[in-house]
There are 2 protein chains.
Amino acid sequence: MTFLTRSATGYSTWRLIADQLRSEIVDGSFAPETKMPTEGELADRFGVHRNTIRQSIAVLVEEGLVARRQGSGTFVVPHTLLVHRIGLRTRLSNSARQPDATSNRPIASEIVANPPQEVASRLRLEGRPALQIETVADVNGTTIARSTAWFDVALTPDLDVHLRQTRSVTKALRAVGIDDYVRTWSAVSARIANRVEAEDMNLPSGSIVLVVRSVNSLLDGTPLQYTSTRFRADRVELDIDFSDLAGH
Amino acid sequence: MTFLTRSATGYSTWRLIADQLRSEIVDGSFAPETKMPTEGELADRFGVHRNTIRQSIAVLVEEGLVARRQGSGTFVVPHTLLVHRIGLRTRLSNSARQPDATSNRPIASEIVANPPQEVASRLRLEGRPALQIETVADVNGTTIARSTAWFDVALTPDLDVHLRQTRSVTKALRAVGIDDYVRTWSAVSARIANRVEAEDMNLPSGSIVLVVRSVNSLLDGTPLQYTSTRFRADRVELDIDFSDLAGH
DNA sequence: AATAGACGTCTAGATAAGTAGACAAATCAG
DNA sequence: CTGATTTGTCTACTTATCTAGACGTCTATT
């Protein structure tokens, strides 16, 4: 295989190879539980020294995708590609495949006087402050998403108090009398994770995150909540649900 | 600013800095038409030599994001973040912001006996061959997406003949009697562009693509078309349209 | 138990990336 | 026009990455 040189890409050789191997693992070319090619074979395939291959594999070990067994080989660790459904009444906790032990943990909340411009306009704040809530989502013990939500304090009085008591955004919303809401807007983009995100999700720097920005509104159309969720792209794909529309 | 070292990330320093600067341009921290900080200032900010900054900026020049003017400075070139809407009856050509001169060019088509497993199952091919069509999408002269579509040849006889005549997938479908269809499934993921994609979209290698896989079906629910579209993530975000649901 | 094959570790040398600084060329303000 | 500022180019040097190969340790098979 002709391979790109680091000089052209700005990637070190070991990272280029690690990225290539990861994609082959994720797309199933190397099936879970099976043995990877030996380091020597991979060195031949990519035309590099075995030491470079070892550095690449070290990345995948760090990420938990493969395990090395001395004397035996390198094996693909069973992994799940999580499918996160975006639909009308979905919450962050709804994952398509069951059973997954998903938990959402609020890690901080704070009333901010001047939220970012996009938040203010999407929530029609017009100068009012917003309650900002940071959460992380874990599935089976692995952190897969990092979320920031903003609420109009005028619509959700004492939401932060209830949040501290219940330690759950959904329960806190119920406590302030909000039971039902629908997603009215979503935008999806992708970028390199920043340092905080990489740290919170235990990702190697340079990892890709899928960014979902969305607005949930009350049934009368009043915007209630603006959320920006960053999913780790190596483990999550977004499933856009059109089934609610099938009845038309 | 404390910055990540290349040793930890596998990125060369100039690429780390280029990525950072690009994200600040794309998110508006450096507004279009304005002057960037001088190379010396950037060198101070990132704690590197000016030569390294120059290499980073060369990447952005290559990508068309900034322009250098000797003696004057480096300036942010006006650019657009394209918003691509995913909804019930959207096609690749529908972009949210107008006016954009969008064109879809079929670049190759071929009948393949054994399409990938996911294609076969989503289209319920059960062993039948599929017509595979490769297209690129340009907006204002810039290629922003690379798409691969598969059709069940049993449902679309002579589609390839009409495609060669009309040079348009939509027109070719109309010619075989298919006027209306709806999107029944979509999944969104993100990854590093492979070499072919990077070449077709004129991207630096290592760029991120948003991958949208989707199935369009006839109104009776028969799956018609499986499509995988790779958008360049630096210029495109996906807008998920729930407005069809507002009437409920 | 012997052995081949695989991962683990180390040292030395070659190549590429980044630093350092000097000077040229273009631009702009006064 | 003058001078300060900014990008353009070059050479020498330092540091990090990659190659090369030897040798050790562990595992599975015969």
Subject >> side-chain hydrogen bond (donor to acceptor under 3.5 Å, both in side chains) partners of B/E62, counting only residues at least two apart >> reply: none
Subject >> Any residue meeting side-chain hydrogen bond (donor to acceptor under 3.5 Å, both in side chains) with B/R105, in chain and number order, not counting sequence neighbours >> reply: B/D138
**OP:** Find the distance B/L42:CG to C/dG18:P and express it as a whole number of Å.
**Re:** 16 Å
**OP:** Would you mind reading off the distance between B/M36 atom CE and D/dT5 atom C1', rounded to a whole angstrom?
**Re:** 18 Å
Subject >> Axis bend over the full length of the helix from C/dA1-D/dT30 to C/dG30-D/dC1, computed from five pairs that close each end, to 10 degrees >> reply: 30°
Subject >> side-chain N/O A/T52 vs D/dT17 OP1/OP2, d < 4.0 Å >> reply: no
Original post:
Given A/L21 and A/F30, is the side-chain contact (heavy atoms from CB on, under 4.5 Å) satisfied, shown in steps?
Top reply: CA-CA 9 Å; A/L21 293 176; A/F30 297 134; 4.0 Å; yes
Original post:
Would one find a side-chain N or O of B/T74 under 4.0 angstrom from OP1 or OP2 of D/dT6?
Top reply: no
**OP:** Return the value, rounded to whole Å, for the distance between atom OH of A/Y11 and atom C1' of C/dA16.
**Re:** 18 Å
**OP:** Output all residues satisfying side chain to side chain contact (heavy atoms under 4.5 Å, CB included) with A/S72, sequence neighbours left out; order by chain, then residue number.
**Re:** A/R69, A/F75
Original post:
Nearest-Å distance, CD1 (A/I53) to C1' (D/dA20)?
Top reply: 15 Å
Original post:
Starting at CZ of B/R15 and ending at P of C/dA16, how long is that distance when rounded to a whole Å?
Top reply: 19 Å
Subject >> Between C/dA17 (P) and B/I17 (CD1): distance, integer Å >> reply: 15 Å
Subject >> Distance test, side-chain N/O of A/W14 to OP1/OP2 of D/dC18, below 4.0 Å >> reply: yes
Original post:
Partners of A/R146 by salt bridge (charged side-chain N to carboxylate O under 4.0 Å, His left out), sequence neighbours excluded?
Top reply: A/E134, A/D200
Original post:
Does A/R122 have any side-chain hydrogen bond (donor to acceptor under 3.5 Å, both in side chains) partners at least two apart in sequence or in another chain, and if so, which?
Top reply: none
**OP:** Sequence neighbours left out, what passes side chain to side chain contact (heavy atoms under 4.5 Å, CB included) with A/T74? Give chain and number order.
**Re:** A/M36, A/I57, A/V66, A/R68
Subject >> Length of the line joining A/Q55:CD and D/dA16:P, which is rounded to integer Å >> reply: 14 Å
Original post:
Whole-Å distance between D/dT5 C1' and B/D44 CG?
Top reply: 15 Å
**OP:** Please identify each residue that fulfils side-chain hydrogen bond (donor to acceptor under 3.5 Å, both in side chains) with B/T227, with sequence neighbours left out.
**Re:** B/Q225
For nucleotides 8-12 of chain D, tabulate all protein N/O to nucleotide N/O atom pairs closer than 3.5 Å, reporting atom names and distance.
| residue | atom | partner | partner atom | Å |
| --- | --- | --- | --- | --- |
| D/dG8 | OP2 | B/R54 | NH1 | 2.7 |
| D/dG8 | OP2 | B/R54 | NH2 | 3.1 |
| D/dG8 | OP2 | B/R68 | NE | 3.1 |
| D/dG8 | N7 | B/R50 | NH2 | 2.7 |
| D/dG8 | O6 | B/R50 | NH1 | 3.3 |

**OP:** Determine the sole option in B/L203, B/L65, B/T143 for which the side-chain contact (heavy atoms from CB on, under 4.5 Å) test with B/R235 is passed.
**Re:** B/L65
